[in-house]
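For reference, the structure discussed in these notes is given below.
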Amino acid sequence: MVGRNFFKKFLVVGEKQILQELETFFNIGIKADIEITQMLSNFGSGTDRNYEKVREMEKGADEISNNLHMEITHGAISSTLMGTLSELVEKCDTIIDASYFIVREIRRYNHAASASRNLLPEWVRDSYSVFARMIEKHTESLNILLEMLKSGNLDQMRETRKLIEMKEEEVDEMKDDLIDSLYRENENITYLTFIHLMEMVHKIDDLLDYCEDISDLLLNIANSISA
């Protein structure tokens, strides 16, 4: 539940309910990160079970998103916050969509690798290790977003938002270093593997970008209702 903060003090019931539901998105995202990490660390030993779990999470998140959009357009929502809340819900749902894309991509590559030993060089496993560290930063960012929802004052929210920015910058560095290494190894990388790893690194980086966008939207709401 949202704690004693700007949102609880100033928002009407419909708006409070929407922000409370955002916690569900973040918790789903954290659970999806666990499945992604397991897929990355257990690559080659079966990924279908993790994939199915995240697929169900994505379906649940879509249902929550549709319900919230209905509440925003038909509920007790201030017209000044309607657009921001709608964008906020969309960004939260996009995180789960991206997580589903990632597990689907890992599963596809795993199936391809099962039919070809050429797709399993050691540096591919090294890339997956980098992805796991990036996902860890994403989980930390989701927990920070939960803190923002429960923050007691605007200054604290601003400081908390800076932590997400730092996580995003750290992941950006990991992404750039990995892309550099992929280009250096281009003669030793199959086309399929190169495309797979590039898709993965960009999509995981997107997760952190979405968290930063969400933190900005939460801060905008807090600024607008405390003005």
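Just so it is clear, the values below take in all heavy atoms, side chains as well, and ignore hydrogens, waters and symmetry mates.
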Spacing of [atom1] belonging to [X] relative to [atom2] belonging to [Y], to within rounding of 0.5 Å:
X      : Y      : atom1 : atom2 : answer
Asn67  : Ile72  : CG    : CD1   : 11.0 Å
Ser215 : Lys91  : OG    : NZ    : 11.0 Å
Glu212 : Lys162 : CD    : NZ    : 13.0 Å
Arg125 : Ser41  : CZ    : OG    : 10.5 Å
Phe26  : Ile214 : CZ    : CD1   : 5.0 Å

Is the backbone of [Y] close enough, under 3.5 Å, to the side chain of [X] for a donor and an acceptor to pair up by distance?
X      : Y      : answer
Asn223 : Leu219 : yes
Thr37  : Asp33  : yes
Ser86  : Gly83  : no
Thr160 : Gln156 : yes

Which heavy-atom pair separates [X] from [Y] by the least distance, and what is that distance?
X      : Y      : result
Leu40  : Ala132 : CD1-N, 3.6 Å
Leu208 : Ser141 : CD1-OG, 3.3 Å
Ile30  : Leu142 : N-CD1, 3.5 Å
Glu58  : Ile96  : CA-CG2, 3.7 Å
Met134 : Asp205 : CE-N, 4.0 Å
Leu145 : Cys211 : CD2-O, 3.8 Å

- request: Could you walk me through whether Arg55 and Arg104 pass the side-chain contact (heavy atoms from CB on, under 4.5 Å) test, one step at a time?
  value: CA-CA 9 Å; Arg55 185 175 71 167; Arg104 188 171 52 193; over 6 Å; no
Would you say that [X] contacts [Y] through its side chain, given a criterion of any heavy-atom pair below 4.5 Å between the two side chains?
X      : Y      : result
Gln38  : Glu35  : yes
Leu146 : Asn27  : yes
Tyr109 : Leu192 : yes
Lys203 : Glu105 : no
Leu85  : Leu68  : no
Ile135 : Leu207 : yes
Val103 : Arg107 : no
Glu21  : Glu71  : no

- request: Verify side-chain contact (heavy atoms from CB on, under 4.5 Å) between Leu218 and Leu22, making sure each step is shown before the conclusion.
  value: CA-CA 11 Å; Leu218 288 174; Leu22 294 184; 4.3 Å; yes
- prompt: Salt bridge check: are Glu56 and Lys53 linked by an N-O gap of less than 4.0 Å?
  reply: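 Answer for the salt bridge query: no.
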message: For Glu52, is there an ion pair with Arg49 - N to carboxylate O distance below 4.0 angstrom?
response: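 Not counted as a salt bridge, because no side-chain N and carboxylate O are separated by less than 4.0 Å.
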message: For His138 and Asp206, which I'm curious about, is there any donor-acceptor pair between the side chains at under 3.5 Å?
response: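 No, no side-chain donor-acceptor contact under 3.5 Å.
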Is [X] linked to [Y] within one hydrophobic cluster, defined over Ile, Leu, Val, Met, Phe, Trp and Tyr using a side-chain heavy-atom separation of less than 4.5 Å?
X      : Y      : answer
Ile106 : Ile34  : no
Leu88  : Met82  : yes
Tyr183 : Leu197 : yes

Enumerate donor-acceptor pairs with a distance under 3.5 Å from any side-chain N or O in residues 163-173 to protein atoms, sequence neighbours excluded.
unit_1 : atom_1 : unit_2 : atom_2 : d
Glu165 : OE1    : Arg161 : NH1    : 3.1
Lys167 : NZ     : Glu140 : OE1    : 2.6
Glu170 : OE1    : Lys137 : NZ     : 2.9

- request: With side-chain contact (heavy atoms from CB on, under 4.5 Å) as the test, would you mind laying out the steps for Asn50 and Ile36 before giving the verdict?
  value: CA-CA 7 Å; Asn50 305 104; Ile36 294 171; over 6 Å; no
query: Can you check salt bridge (Lys or Arg N to Asp or Glu O under 4.0 Å) on Lys59 and Asp62, steps first, answer last?
result: CA-CA 5 Å; Lys59 289 180 180 178; Asp62 278 347; over 6 Å; no
- request: Kindly indicate, with the supporting measurements, whether the criterion ring-ring contact (aromatic ring centres under 6.0 Å, His included) is fulfilled by Phe131 and Tyr128.
  value: CA-CA 5 Å; Phe131 295 156; Tyr128 273 34; 5.8 Å; yes
- prompt: Given Ile95 and Phe25, is the side-chain contact (heavy atoms from CB on, under 4.5 Å) satisfied, shown in steps?
  reply: CA-CA 8 Å; Ile95 285 181; Phe25 279 114; over 6 Å; no
